Chemist: 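So that we are looking at the same thing, I have put the structure below in structure tokens.
Naming: A, B, ... by sequence-line order, numbering from 1 per chain. Predicted model only: the values in this text are computed from it and were never measured.
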There are 2 protein chains.
Amino acid sequence: MASEKKAGTRAADALQKYLEEQILSGALPEGSVLPPERELMTQFETSRTVVREAITSLTNRGLLENRPRFRPVVRKPGYDAAMDALGGIARHLLGTKQGVSNLYELRIFIESSLVRQAATHATREHISKLKEALEVNLAAIDDPVAFDQSDIAFHSIFYEIPENPVFPALHRTFTAWLSQHWLEMERTPELNRSNYEKHCAIYEAILERDPDRAEKLLKAHLNSSWEDVEGTFVF
Amino acid sequence: MASEKKAGTRAADALQKYLEEQILSGALPEGSVLPPERELMTQFETSRTVVREAITSLTNRGLLENRPRFRPVVRKPGYDAAMDALGGIARHLLGTKQGVSNLYELRIFIESSLVRQAATHATREHISKLKEALEVNLAAIDDPVAFDQSDIAFHSIFYEIPENPVFPALHRTFTAWLSQHWLEMERTPELNRSNYEKHCAIYEAILERDPDRAEKLLKAHLNSSWEDVEGTFVF
DNA sequence: TTTGTTGTTTGGTACGACCAAACTTATCTA
DNA sequence: TAGATAAGTTTGGTCGTACCAAACAACAAA
């Protein structure tokens, strides 16, 4: 073999590092496909085993998307993709009531603070977004699916306020991980109206720049939602 | 056991799924070691390639711990392990100043709320823990390494208050991901004393059950720490 | 009993081969 | 000519084998 074999460095790691740099630097743009394995193999004077190991590893780390029998597609994972991967790892933690409870408590904790922040720092723009979301809420009261979406949309606005991409990713993670439990529950127009009114109350507290009341209302809102769904858990 | 070979499923994926079930169900207890690769290979009538692919994948997902040249050890990852794995995925997000900044902002956000909660809900026990931590702080002012540890220990107490295992895991993640940047900075006894005094001020605000002041002091503390370290960043 | 040596097990790396799915083209039919 | 069909090519998935080096186990020597 012509390539030098440094002790301690694995060929697979070297290739992986090279590909990672190519992806992160943009030389391999997002959405593009990797060269065929055999081409990489000749290019790097190595075996397909090595190439495939590098590809698998990068796939596991979310930098490649690898459908069977297709060429790997380059992905530059953001916070969302990272949280997705986290979901795969922590899946079994959500398989217990305790796990779901822990996660929901974290959600309440974070969203409470976000609502406080909304009450103190929300711009006119955020507030009008909230108002629009409320109108969509109201319009969707009789449509369970649409109301769910508008419900999520309302809450998501709070996660946009810090202008930190971690927060929207967090919100999507919460809804993705928790939604399945809420799907079990029957949603009546009465329940939707009740939630809509709670949203309105929170909105008003924000308008009045009253963080304590806004936080209290949100906590009550989320806690009652938890109580609604808690009984339906099946593991 | 005869392996069922469903059409359309990759052998590696099937084996991975099987092992995952064995681990999560407890059939393979935590801490036990996997059979040798060659044994799995014969058991499942497959090749070592497939066995190894399944093992690496499970290792990446945190269900196995795989020191080179040793048999893989079964791990049932908790919140800490999940966050560790997340670190591997999101590593490149922390390679930019923006990424570190986003994460630090999240830390400030969460810790601020924790301090608020401490000011309103801390038990006598928590408060005495904080007091003890302060004393350790003071005693370690002249020892950079020891002070760092006591600093982390002081902050960690806030993460224990909600009695939700997610929070301590979050704290460990924050310190692990961010600490490397702080290591670059020189720590003088004067700086340590300044930090100690800020801790004291926060402690007193909590004693007086003043969440607003406690939050404000913590934010100032963390922000000034950010400013101290920001200039030393090298990427 | 302790230490050093040796043989075996086992994981790490690598190569080449075959298969089946996807892709490409060339051909045939309407 | 256009579209469907069939043959050939590419390419990822799997497999068997081989070799190496580190870990392990058994045994011999001090």
Side-chain angles (χ1 to χ4, degrees), chain A residues 1-20 22-23 28-75 88, chain B residues 1-20 22-23 28 31-75 88:
Chain A
M1 174 181 302
S3 66
E4 71 272 27
K5 258 194 191 174
K6 280 178 221 161
T9 62
R10 295 196 316 154
D13 290 341
L15 177 55
Q16 186 185 332
K17 197 170 178 183
Y18 171 79
L19 288 176
E20 184 179 348
Q22 293 291 302
I23 294 173
L28 285 170
E30 165 118 33
S32 66
V33 295
L34 236 55
E37 295 179 354
R38 284 169 177 83
E39 197 171 308
L40 290 171
M41 172 183 149
T42 56
Q43 201 175 324
F44 289 85
E45 290 175 345
T46 179
S47 68
R48 218 150 66 90
T49 313
V50 173
V51 174
R52 285 183 59 74
E53 186 178 332
I55 289 177
T56 325
S57 184
L58 288 171
T59 303
N60 281 322
R61 291 179 44 203
L63 285 115
L64 294 176
E65 197 173 313
N66 200 359
R67 286 158 52 215
R69 305 258 160 214
F70 286 83
R71 307 259 285 277
V73 180
V74 173
R75 290 276 171 245
Chain B
M1 128 156 3
S3 67
E4 59 212 65
K5 266 192 187 174
K6 283 180 220 161
T9 61
R10 297 199 320 157
D13 291 341
L15 176 55
Q16 186 184 331
K17 197 170 179 185
Y18 172 78
L19 288 175
E20 183 180 350
Q22 293 290 301
I23 294 173
L28 285 169
S32 65
V33 294
L34 237 52
E37 294 180 356
R38 285 171 175 83
E39 196 170 311
L40 288 171
M41 173 184 147
T42 56
Q43 260 186 39
F44 289 86
E45 291 172 344
T46 181
S47 68
R48 208 145 78 89
T49 313
V50 171
V51 173
R52 286 181 60 73
E53 188 178 331
I55 289 177
T56 41
S57 186
L58 287 171
T59 302
N60 282 323
R61 292 180 42 203
L63 286 123
L64 293 176
E65 196 173 313
N66 200 0
R67 288 158 51 218
R69 306 263 160 209
F70 285 84
R71 307 260 285 276
V73 180
V74 173
R75 291 277 171 243

Chemist: Rounded off to whole Å, could you give me the CD-to-C1' distance for the A:Glu65 and D:dG12 pair?
Modeler: 16 Å
Chemist: How close or far is atom P of D:dT14 from atom CD of B:Glu45, stated in whole angstroms?
Modeler: 16 Å
Chemist: Roughly, in whole Å, what's the span from CD in A:Glu53 to C1' in C:dA14?
Modeler: 11 Å
Chemist: Could you state the atom-to-atom distance from CG of A:Leu40 to P of D:dT10 in whole Å?
Modeler: 17 Å
Chemist: With side chain to side chain contact (heavy atoms under 4.5 Å, CB included) as the test, pick out the partner of A:Asn60 among A:Leu64, A:Leu63, A:Leu58, A:Thr56.
Modeler: A:Thr56
Chemist: For nucleotides 16-23 of chain C, read 5' to 3', which letter fits each nucleotide if B means a protein heavy atom sits under 4.0 Å from the base, S means only the sugar-phosphate is that close, and - means neither?
Modeler: -BB-BSSS
Chemist: A:Arg48: which residues meet the salt bridge (Lys or Arg N to Asp or Glu O under 4.0 Å) condition with it, sequence neighbours left out?
Modeler: A:Glu37
Chemist: For B:Arg67 and C:dT10, what is the distance between atoms CZ and C1' respectively, to the nearest whole Å?
Modeler: 14 Å
Chemist: Quick one: list whatever passes side chain to side chain donor-acceptor pair (under 3.5 Å) with A:Ser57, sequence neighbours left out.
Modeler: A:Gln16
Chemist: Quick one: salt bridge (Lys or Arg N to Asp or Glu O under 4.0 Å) partners of B:Glu20, sequence neighbours excluded?
Modeler: A:Arg91, B:Arg61
Chemist: Would you please name every residue forming a ring-ring contact (aromatic ring centres under 6.0 Å, His included) with B:Phe70, sequence neighbours left out?
Modeler: none
Chemist: Nearest to the side chain of A:Arg52, heavy atoms from C-beta on, is which of C:dA14, D:dG13, C:dG12?
Modeler: D:dG13
Chemist: Between C:dG12 atom P and B:Arg71 atom CZ, what is the distance in whole Å?
Modeler: 12 Å
Chemist: Could you state the CG-P distance from B:Asp13 to D:dG12, rounded to the nearest angstrom?
Modeler: 17 Å
Chemist: Rounded to whole Å, how long is the line connecting atom CD of A:Glu37 with atom P of C:dA14?
Modeler: 15 Å
Chemist: Would you say A:Ser47 places a side-chain N or O within less than 4.0 Å of OP1 or OP2 belonging to C:dC15?
Modeler: yes
Chemist: Does B:Glu65 have any side chain to side chain donor-acceptor pair (under 3.5 Å) partners at least two apart in sequence or in another chain, and if so, which?
Modeler: B:Arg75
